[in-house]
2 protein chains.
Amino acid sequence: MAEEKAGKAAGIAPAQGAPRRNQRPLSIKDIARIARVSHPTVSRALQNSPLVNAKTAEKIRKIADESGYRASAVARGLVTRRTRTIGLVVTTVADPFASEVVCGVEQTANDHGYSVFLADSHADPERERKVVRAFAERRVDGILVTSSRVGALYLPMLKEMEVPIVLVNDQHPGAFVHSVMIANFEGMRAVAEHLLGLGHRRIAYLGDQFGYQSDAERLAGYRAALEAAGLSAAPELIAHGNSKPDAAMAAMERLLAARPTAVCCYNDMTALGALRQIRARGLRVPEDFSVTGFDDLFFAEYLQPPLTTVRQPMRRMGQLAMESLLRLMEGEESVPQIRVEAELVVRASTGRVKE
Amino acid sequence: MAEEKAGKAAGIAPAQGAPRRNQRPLSIKDIARIARVSHPTVSRALQNSPLVNAKTAEKIRKIADESGYRASAVARGLVTRRTRTIGLVVTTVADPFASEVVCGVEQTANDHGYSVFLADSHADPERERKVVRAFAERRVDGILVTSSRVGALYLPMLKEMEVPIVLVNDQHPGAFVHSVMIANFEGMRAVAEHLLGLGHRRIAYLGDQFGYQSDAERLAGYRAALEAAGLSAAPELIAHGNSKPDAAMAAMERLLAARPTAVCCYNDMTALGALRQIRARGLRVPEDFSVTGFDDLFFAEYLQPPLTTVRQPMRRMGQLAMESLLRLMEGEESVPQIRVEAELVVRASTGRVKE
DNA sequence: TTGTACGCGTTATCAA
DNA sequence: TTGATAACGCGTACAA
């Protein structure tokens, strides 16, 4: 057998430019030949079809197992028109929030026999084009997008694809049907209420880049809490960063001019920069100044002082998104908007207002 | 045309259980029909082959473009026997080191027309099996493994695959040929020398799980520095964690019993836990105690105090690994061991010994 | 310069 | 219960 196979492979025209793999993997026909059955029978046996004789099936499976045969998902995908792959787009994996979501997605996908194509867009329109194009060519069965900072042209491209799409933390409400998101409004309102309860009256908000949905919702939650307390959110107490520590430092510097006693940061990465700027000004946290985050990233509890924040079940959100996508890919219905609760986690970065 | 196609698709037997995609994507034959040429001509035109009439090629490309045609990478992979995909295994993406490497790999892969299958192993033997199996079935052209905490059975499985493999931070020296790694020894030695230069004499080492290569190398660097200074590394000054902050807290507690004045942590995640434990004991950093990390993760400079550490060019390492894999997949040679330099970054978590 | 014919490794359909 | 045979969508000899 082996010789026959090798001979056949050697008979193929030699590689001219691109190096052709010399030793091609075993095919279903190889197994069929060894088992002295037809290749459809092998196919059936390996799929545990009841239409094949039990003993024959057993023999076939034994041969397949011992020879290390692996059915080609490529060929299967061609005929079944389902690749059992999904495309997962992130702005960048090198972001703790995204990587937690990716982790949840990947686990769930694998548990259901799906493989995940990962693609970083880096919010670069050129890359976005390539990503969507690649997913289309790969014939992915579905697409998952997380925390997209997507360009305008990206949306129509995605929608052109005839596969289900689920978003995590949709920043473009209305553009897509299915999404998983956290209770941004309630989460940030709880944070602001916590600070108000500690006696703070001049509370700043350090947001994400302007125009994104989750920032808008968190800002609204902040506003609602202040207004419920009879305060109004002064414009000079509101600034925007871009979810990165360095931009947060700059924004925090401007905010400090307005003399707040506390700041609600859009997320933990932002809090990282805010904290640094606050200390650079000689203020102690929480004695002189209170700081809060959002996400509860792994480092939040290890900061000095440990960061008061809102826990976002990132991995779980990835899992929920993937489960939703699985349903859609099976042609079933799925809840359009899945919403997870936000949990305030009080640590030591917030304290009673100084006076 | 469209009607003909729709009619054809509709003629397919209706879905019985699994929902069949109703509207199948345009195929090369569809384009050929519209352009009134044969499908090989379309294939040639789209590959910018010189063997096709310039005007015909132009027309074909225009039609393909306007119709949103995307050649199936699945079908192409079947015939060319190259999928232009790679498999990327990480212990977990939800780790800042891994996600930076992933980022570098993904970028480089995409720039070269490769798509990346991401798989988390979670150091779980069962998952490892499934990952390798999936990669084999997907017919990936190559495999990249980063910071593997791999089980024993995993190795032979990987090696069975007839595709090139490159490791980032190989923890199993000798098992694989190609890898990218950092100068662990020199990096940690520089750290220890830095502490010695600050007058420290009782310097502890808080390592990774015992038995891994990078931990062994870093420990050796630490030892070398001490011995060069006429000191010997006392056993009670050496402890092991598992690269996670909580294990580091526990290990640090034990180390403190030996009364060190400084600790060299295996990496930044470990330092996170060490710092917390040190403070819990009422020690100030760096006044009473010095702490160092390794990796220079994004949060290192934002800690209070900013962490002295060793910069590891993680993204670049991912890029180098991918470039090496690209060469191997092209059948070329590649440097077996790629080694990147380690750079000591002195910040404020280290200071002169107290006395 | 183009078209015909074939094969890639599967699954699906039919007949036996 | 099994085996021919035909797709799936592409690339590529070879012929025209």
Side-chain angles (χ1 to χ4, degrees), chain A residues 5 8-9 11-18 20-21 24-33 35-60 64 69-84 136-139, chain B residues 5 8-9 11-18 20-21 24-33 35-60 64 69-84 136-139:
Chain A
K5 180 154 204 311
K8 189 183 170 194
I12 296 280
Q16 354 155 321
R20 191 165 251 79
R21 191 140 306 129
R24 69 173 64 177
L26 287 169
S27 82
I28 195 169
K29 289 183 183 173
D30 296 317
I31 305 301
R33 208 178 310 131
R36 302 184 178 285
V37 293
S38 68
H39 74 268
T41 300
V42 175
S43 178
R44 288 186 277 255
L46 265 30
Q47 292 175 66
N48 296 315
S49 160
L51 299 115
V52 59
N53 180 289
K55 292 184 67 174
T56 326
E58 187 51 44
K59 185 178 77 176
I60 293 172
Y69 167 70
R70 295 285 181 267
S72 165
V74 180
R76 180 183 296 136
L78 186 58
V79 49
T80 62
R81 318 180 110 290
R82 299 191 71 190
T83 55
R84 299 203 169 267
E137 291 180 350
R138 299 291 177 189
R139 300 292 193 262
Chain B
K5 180 154 203 313
K8 189 184 172 195
I12 298 280
Q16 353 153 314
R20 190 165 251 76
R21 190 136 308 128
R24 70 174 62 177
L26 288 168
S27 83
I28 195 169
K29 287 183 182 171
D30 296 317
I31 305 301
R33 208 178 310 130
R36 301 183 178 288
V37 293
S38 67
H39 80 264
T41 301
V42 175
S43 178
R44 287 187 277 255
L46 265 29
Q47 291 176 67
N48 297 314
S49 160
L51 298 117
V52 59
N53 180 287
K55 292 184 69 176
T56 323
E58 187 53 43
K59 184 177 77 176
I60 293 172
Y69 168 70
R70 295 284 180 269
S72 164
V74 179
R76 179 183 296 137
L78 187 57
V79 48
T80 61
R81 317 182 110 283
R82 299 192 71 192
T83 55
R84 299 202 168 269
E137 291 180 348
R138 299 290 178 189
R139 299 293 192 264

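So you know, we letter chains A, B, ... as the sequences are listed, proteins then strands, and number each from 1. Below, each value reflects all heavy atoms present in this structure, side chains not excepted, and no hydrogens, waters or symmetry copies.
A close approach under 4.0 Å does not occur between any side-chain nitrogen or oxygen of Thr41(B) and OP1 or OP2 of dT2(C). For Ser72(A) and dG9(C), the shortest distance from a side-chain N or O to OP1 or OP2 is not below 4.0 Å. Close to dT11(C), at under 4.0 Å from its OP1 or OP2, lies no side-chain N or O of Thr80(A). Contact annotation: Arg76(B) side-chain N/O to dG11(D) OP1/OP2 distance is under 4.0 Å. Between Arg24(A) and dG9(C) there is a side-chain polar atom (N or O) within less than 4.0 angstrom of OP1 or OP2. Dashed line: the shortest gap from a side-chain N or O of Tyr69(B) to OP1 or OP2 of dC10(D) is under 4.0 Å. OP1 or OP2 of dT4(C) has not a single side-chain nitrogen or oxygen of Ser38(B) nearer than 4.0 Å.
Arg36(A) places no side-chain N or O within 3.5 Å of a backbone atom of Arg33(A) that could act as its donor or acceptor partner. Side chain of Arg81(A) to main chain of Leu78(A): no donor-acceptor pair is present (N/O by atom type, distance under 3.5 Å, no hydrogens or angles).
At a threshold of 4.0 angstrom between heavy atoms, the contacts of Ala73(A) with the nucleic acid are absent. In this structure, Val37(A) reaches the sugar-phosphate backbone alone: every heavy-atom distance under 4.0 Å involves primed, P, OP1 or OP2 atoms, never a base.
Remark: P of dC8(C) and CD of Glu137(B) are 20 Å apart, rounded to the nearest angstrom. Atom-to-atom, CZ of Arg33(A) to P of dG9(C) comes out at 11 Å; the value is rounded to the nearest Å. Here dA7(D) presents its P atom at 14 Å from CG of Leu78(A), a figure rounded to the nearest Å. Look at CD1 on Ile60(B): it is 8 Å from P on dG3(C), rounded to the nearest Å. In this structure, CZ of Arg138(B) is placed 17 Å from P of dG9(C), rounded to the nearest angstrom. Going from atom CZ of Arg36(B) over to atom P of dG3(C) covers 12 Å, rounded to whole Å. One interatomic measurement links the two molecules: NZ of Lys55(A) to C1' of dT2(D), which rounds to 17 Å at whole-angstrom precision. Rounded to whole Å, atom P of dG11(D) lies 12 Å from atom CG of Asn48(B).
Scanning atom types as modelled, one donor and one acceptor separated by under 3.5 angstrom connect the side chain of Arg44(B) and the base of dG3(C). The base of dT11(C) sits within donor-acceptor range of the side chain of His39(A), with an N or O pair under 3.5 Å.
Take Gln47(B) and apply the side chain to side chain donor-acceptor pair (under 3.5 Å) test, not counting sequence neighbours, and it matches Ser43(B).
Nearest nucleotide to the Thr56(A) side chain, out of dT11(C), dT2(D), dA12(C): dT2(D). Candidate nucleotides dG3(C), dC8(C), dT12(D) were compared by shortest atom distance to the side chain of Gln47(B), and dT12(D) ranks first. In the set dC8(D), dT12(D), dG11(D), the nucleotide with an atom closest to the side chain of Val79(B) is dG11(D). With distances taken from any side-chain atom of Leu51(A) to the nucleotides dT2(D), dT2(C), dA5(C), the minimum falls on dT2(D).
Residues Arg138(B) and Arg84(A) have side chains in contact (heavy-atom distance under 4.5 Å, counting atoms from C-beta outward).
When each of Asn53(B) and Ala75(A) is assigned the nucleotide of DNA chain C bearing its nearest heavy atom, the one mapping closer to the 5' terminus is Asn53(B).
Rounding to the nearest 0.5 angstrom, the gap separating the CD atom in Glu58(A) from the CG atom in Asn53(A) is 11.0 Å. Here the straight-line distance linking atom OG of Ser38(A) with atom CD1 of Ile28(A) works out to 9.0 Å at 0.5 Å rounding.
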